[in-house]
Amino acid sequence: MKELKEKLKHYKVLFVDDEIEIRNATCLFLKKFFDTVLVCENGEDGLKIFKNNSDIKIVFTDLMMPKMDGISMIKEIRKISSDVEIVVVTGSDTQKDSYWNEINCKYIIKPITFNTLIEILKEIK
Amino acid sequence: MKKLISIDTLIPFLEENERWLMYRILFYAKKYDYTKYTSTLVEPWRLSIVGLTDSLSLLLQKSKAIPQMSPDETYNDDPPSMFGVKEAKLHRSRGVNLSMFFSLFKYYRQTYIDLLDGHIDEIDEDYDYICDYLNRFFDRVETSFVTEWAGSSSEKQIHELSIKNLKLANEKNRYLTLFDSIDNPAIVLNDKFIIENCNLVASSLFFNIENAGSYYYSKQEEINISTFLDLELVKACKQFEWKYEDNYFLVFPKVLHDISGKNEGYIILFSDISKLKQSEDILMAQSKYAAMGEMISLIAHQWRQPVTAISMNINNILADIELDLLNSNGLKENCESVLKQTVHLSKTIDDFRDFFKPKKDKEIIKISNLLEDVNSILGKSLQYNNITFTISIKDDIEVVIYPRELIQVILAIINNSKEALIEKEIGDKCINISIIKDGETLVIKIQDNAGGIPEDIMRKIFEPYFSTKKEKNGTGLGLYISMSIIKKHFHGDILAENQESGACFKVVVPIEG
């Protein structure tokens with residue numbers, strides 16, 4: 001686990017979710033592994049932050065959010081960068097795997113177990 | 001102003017005033033007790049006036065000279081005499097005696113004179129002539145029927161009476177047959193609300209009597225209808241719903257038609273609506289299940305976030321363990337967050353449980369609290385779909401109302417708006433709810449900007465099983481049930497109309513507040 005932290009700590013990560021409690025708790029988690037965690041509450045702000053921080057390595061995002069939803073934000077981000085890692089944190093699994101593969105995203109389903117999170121973090125290249 | 005009437009305009013004038021004449025003679029008949037023996041319905045009275053006016057008209061067509069009388073006449077071949085003879089035979093056979101008939105006839109004459117008095121000035125030159133003509137006409141009618149009466153032998157009269165008596169007995173039998181042939185239960189009450197007669201269906205349903213006519217011929221005791229029905233409802237309502245054993249009836253009480261006042265009372269008809277009621281119950285149950293399904297999906301929505309937050313708090317603790325970062329401050333922070341989320345989870349469940357708890361009584365509730373409940377159930381789902389939900393309350397008063405039912409209706413309407421906004425992919429989605437107190441009613445207006453309801457389906461939206469939604473979402477019961485809740489529980493109404501940018505539903509309910 002400590003090695004994982006060593007591997008990830010220099011990466012800049014963006015987390016987008018409209019729920020304050022989830023934002024706070026997840027931010028706390030991510031900060032244990034990453035030195036720089038940027039947080040915001042909707043897709044519109046997420047896109048702005050991404051545009052201003054070209055060195056963001058990973059984006060974690062919720063889907064259902066006010067102003068701009070997660071999918072719209074991902075499509076905009078993909079126009080800018082095809083290789084940024086995007087992890088969708090979703091409440092439902094109505095989309096098929098192929099859909100997420102197509103837009104080159106990983107996805108995890110809420111509520112998130114510890115092992116799932118660690119697996120996702122391990123997959124980051 | 002009095003009108004000038006000449007002998008030429010007399011008949012049209014009498015015909016125009018047929019109803020007046022009818023009610024005038026009825027007035028005399030009631031005042032001097034003739035109605036004890038006369039017809040109970042309006043039509044025979046009207047026909048008596050028509051008969052008199054018609055024979056006067058025939059007489060006038062023959063001659064406008066005053067129809068004086070003379071000692072050698074037979075009084076049987078001119079129009080007034082023919083009318084008099086016919087009426088004499090008819091009434092004698094019904095058991096009317098001469099003095100009764102003759103004296104009532106004096107009031108017929110008075111009735112016609114009263115009408116003229118009200119319309120012709122006595123100084124009018126035609127007045128005396130018309131009065132003389134009318135008086136001689138009535139004299140001729142009277143002379144003819146008195147002559148007819150006097151000329152008939154007592155044997156003939158007895159014969160006539162016995163034939164008529166048989167006919168009358170058959171009339172009664174016919175009444176009983178007609179009454180017993182009615183397929184719906186029917187009960188006749190007297191003026192003291194005692195059951196006078198029950199038709200066959202009613203007797204078998206309420207008294208286990210299976211033979212036609214049994215109630216009429218062998219009723220034992222006086223039964224007041226109040227032992228079955230609420231008297232106040234019988235007196236005040238045109239119709240009301242009534243449950244008897246396992247059956248539901250619509251009850252139609254009707255005051256007996258009798259202008260003579262002899263037969264005061266009611267006839268009560270019953271219509272069995274049990275099957276209708278049963279299908280309505282099924283509809284209600286279906287809609288309740290549909291509403292529950294929607295609720296459960298809303299609960300899932302509202303639970304997902306706190307459950308996710310809890311799982312992240314736990315993940316934090318686990319990560320701290322793995323990374324040797326565990327300290328009491330961090331642990332405390334995570335535990336407190338978990339507790340906070342559990343309170344939230346618990347409150348969500350309470351909100352929904354309250355909604356489904358059956359409550360039969362009205363409650364005092366502030367309008368703002370009512371809308372807070374709506375918001376706590378649906379707010380999140382609207383927020384996720386980027387729908388701006390605005391609430392405007394003009395007077396935040398307290399009302400005495402069935403809050404659960406009203407919330408159910410508001411939710412159903414908002415839910416329709418929500419789905420229309422999503423389906424039509426409207427840009428700035430808005431739902432607006434406003435509540436105002438208008439006199440003794442509460443008006444809840446729900447508007448959206450989803451483009452409105454197509455005019456061709458507008459009149460169908462409150463029908464059961466009508467849905468415009470895609471199969472998985474619509475049961476087609478939301479608005480139907482809403483309407484029946486508002487009509488039956490609140491005695492109110494729901495009105496739907498299209499406005500500039502979308503649909504507008506107005507829920508109008510009377511309030512005590």
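Below, chains carry the letters A, B, ... as their sequence lines are ordered, and counting in each starts from 1.
A/Phe114 and B/Ala319 get closest at one heavy-atom pair: CE1-N, 3.4 Å.
Summarising the local packing, NZ of B/Lys340 is surrounded by 12 or fewer heavy atoms from other residues, nucleotides or ligands at distances under 6.0 Å. Heavy-atom contacts from other residues, nucleotides or ligands closer than 6.0 Å to NZ of A/Lys7 number more than 12. Other residues, nucleotides and ligands place more than 12 heavy atoms under 6.0 Å from the CD atom of A/Glu123. The local environment of CG in A/Asn52 is crowded, with over 12 non-hydrogen atoms from other residues, nucleotides or ligands closer than 6.0 Å.
Side chain of B/Asn316 to main chain of A/Ala25: a donor-acceptor pair is present (N/O by atom type, distance under 3.5 Å, no hydrogens or angles).
Only the side chain of A/Lys5 comes within less than 4.5 Å of a heavy atom in chain B; its backbone stays farther off. In this structure, the portion of B/Asn386 lying under 4.5 Å from any heavy atom of chain A is its side chain and not its backbone.
Heavy-atom pairs under 4.5 Å with chain A peak, among B/Asn313, B/Leu318, B/Leu325, at B/Leu318. Note on A/Asn115, A/Leu28, A/Asp62: by heavy-atom pairs under 4.5 Å with chain B, the leading option is A/Leu28. For the options B/Asn385, B/Asn334, B/Asp324, heavy-atom pairs under 4.5 Å to chain A are most numerous at B/Asp324.
Shown are A/Asn24, A/Leu30, A/Leu117; of these, the side chain to side chain contact (heavy atoms under 4.5 Å, CB included) with B/Met312 is made only by A/Leu117. Partner A/Ile22 forms a side chain to side chain contact (heavy atoms under 4.5 Å, CB included) with one of B/Ile310, B/Thr308, B/Val307 and no other, that one being B/Thr308.
The NZ atom of A/Lys32 sits 8.0 Å away from atom CG of B/Leu323, with the distance rounded to the nearest 0.5 Å.
With hydrogens and angles left out, the side-chain atoms of B/Gln305 and A/Glu21 include no donor and acceptor closer than 3.5 Å.
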